Amino acid sequence: LPALLLVALLPGPLAAKQAEKQPEPPSNQPQDIRYEIRFMDLHTAEVLAWDQCPQKERCRVASLALPGEKRKVLEVRAEPAVQEKIARALAREDTQPRTHGFQIVLLAASVKPGGGGSEVPANVQKALADLKGFLPFKSYEVLDTAWLSGTQDRGMEARLVDRQGAGYLVALQFHDTGTPADHTLFADAFRLRAEAFKPQGSTETRPGGSLIDTSFGVKEGETIVVGTSKVSGSNEALVVLLTAVPAS
């Protein structure tokens with residue numbers, strides 16, 4: 001009889017050996033990442049980054065001043081998931097500045113009732129009505145209107161003229177402070193300056209000079225009273241209003 005061969009099945013090498021799993025780094029270890037801010041105000045970028053941190057005690061956000069450089073840099077220490085949210089938010093918001101328009105209205109205001117109220121635009125009438133308790137005037141007349149258009153941090157200028165022909169120079173510089181959902185602007189500087197003027201038939205020249213120098217916040221679509229200035233030798237005053245036109 002043929003001999004029976006007994007074959008022992010011994011474990012051998014696998015045909016396709018599985019790759020050994022490498023230990024994954026902890027996914028919640030904080031990272032330090034620097035973000036270059038191109039267009040946004042640096043403080044606004046800081047606030048935006050903080051808003052992405054659900055646990056403030058686990059985040060650190062700081063703006064950096066790099067010696068010899070004009071770059072704006074934000075340094076953030078946070079967990080990877082939070083860094084990803086911050087990166088997305090900054091990429092969405094740190095874009096080319098939008099162009100904003102501004103309507104400047106110069107009014108003559110009097111403590112005496114009078115005509116001219118029909119000439120005042122509806123948005124201006126509402127802004128004046130909101131300040132009725134603070135402004136002592138009873139009638140208003142539109143003297144001139146100017147339009148300004150530009151992007152943040154760039155100065156803009158316009159010239160207004162009253163009914164006598166006297167000139168007033170307007171200068172405005174602003175920056176964006178809000179978000180697309182609730183967009184607000186901040187006027188870093190708004191100035192109204194009177195030009196030297198000699199009224200017709202008069203021998204005296206009215207000196208020029210600064211009438212209004214202020215700063216303020218305003219929302220898109222909002223009309224506000226920027227300031228007032230008494231007209232020398234008259235019962236009238238100049239009132240300046242600004243409307244922030246939605247950006248394009």
Side-chain angles (χ1 to χ4, degrees), residues 11-102 148-156 171-190 214-224 226 242-248:
L14 295 176
K17 187 177 180 180
Q18 282 189 329
E20 294 182 1
K21 285 189 176 181
Q22 298 296 326
E24 296 182 359
S27 60
N28 61 345
Q29 282 295 326
Q31 300 174 337
D32 290 307
I33 297 180
R34 290 184 177 183
Y35 299 92
E36 183 172 355
I37 309 302
R38 299 173 300 162
F39 304 110
M40 295 179 70
D41 172 75
L42 196 52
H43 175 70
T44 304
E46 286 187 58
V47 173
L48 180 63
W50 272 115
D51 287 344
Q52 313 311 310
C53 297
Q55 296 175 290
K56 306 302 183 190
E57 69 278 4
R58 297 177 66 87
C59 289
R60 183 177 63 83
V61 181
S63 55
L64 297 181
L66 301 179
E69 297 188 34
K70 294 183 179 180
R71 291 187 304 152
K72 297 182 292 184
V73 176
L74 204 63
E75 186 175 73
V76 179
R77 182 174 180 81
E79 297 172 2
V82 176
Q83 293 282 16
E84 187 177 339
K85 290 174 60 180
I86 291 172
R88 286 200 302 264
L90 290 174
R92 183 179 63 249
E93 300 293 338
D94 189 26
T95 57
Q96 187 74 30
R98 298 188 301 165
T99 299
H100 292 270
F102 300 89
L148 298 173
S149 180
T151 57
Q152 66 176 6
D153 300 327
R154 295 193 176 186
M156 298 174 287
L172 171 65
Q173 183 169 321
F174 74 96
H175 70 270
D176 294 277
T177 60
T179 65
D182 181 22
H183 210 91
T184 57
L185 310 172
F186 188 81
D188 303 284
F190 182 96
T214 186
S215 59
F216 53 86
V218 60
K219 291 185 177 182
E220 288 183 347
E222 184 180 15
T223 299
I224 65 169
V226 176
L242 176 144
T243 300
V245 180
S248 58

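Please read these numbers as outputs of a predicted model, since none were measured by experiment.
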Qualifying residues under side-chain hydrogen bond (donor to acceptor under 3.5 Å, both in side chains), relative to Q173, sequence neighbours excluded: none
Can you name the nearest heavy-atom pair linking S149 to T99, along with the distance? OG-CG2, 3.4 Å
How would you list, by chain and number, every residue that makes a side-chain hydrogen bond (donor to acceptor under 3.5 Å, both in side chains) with Q52, sequence neighbours excluded? none
Closest non-hydrogen atom pair between L48 and A89, with its separation: CD2-O, 3.7 Å
All salt bridge (Lys or Arg N to Asp or Glu O under 4.0 Å) counterparts of R60, not counting sequence neighbours: D32, E75
Keeping the roles fixed (side chain from Q152, backbone from F39), state whether a donor-acceptor pair exists under 3.5 Å. yes
Heavy atoms of Q31 and P80 approach each other most closely as NE2-CG, 3.6 Å
For E46, run the side-chain contact (heavy atoms from CB on, under 4.5 Å) check against D51, D41, L74 and tell me which one passes. L74
To the nearest 0.5 Å, atom CD of E84 lies from atom CD of E79 at 13.0 Å
Interatomic spacing from CD1 in I224 to CZ in F216 - rounded to 0.5 Å: 4.5 Å
Going by the angle between their ring planes, with limits at 30° and 60°, are F174 and H100 parallel, tilted or perpendicular? perpendicular
Look up atom NZ in K219 and atom CG in L185, then write down how far apart they are to the nearest 0.5 Å. 11.5 Å
Would you please test L242 and L172 for side-chain contact (heavy atoms from CB on, under 4.5 Å) and show each step? CA-CA 11 Å; L242 176 144; L172 171 65; 4.2 Å; yes
How far apart are the closest heavy atoms of W50 and C59, and which atoms are they? CH2-O, 3.5 Å
Short side-chain to backbone donor-acceptor contact, D94 and I37, under 3.5 Å: no
When rounded to the nearest 0.5 Å, the distance separating CG of L90 from CZ of R38 is 10.5 Å
Backbone N or O of V76 within a donor-acceptor pair of the Q83 side chain at under 3.5 Å? yes
For a 4.5 angstrom cut-off between non-hydrogen side-chain atoms, does T44 reach D176? no
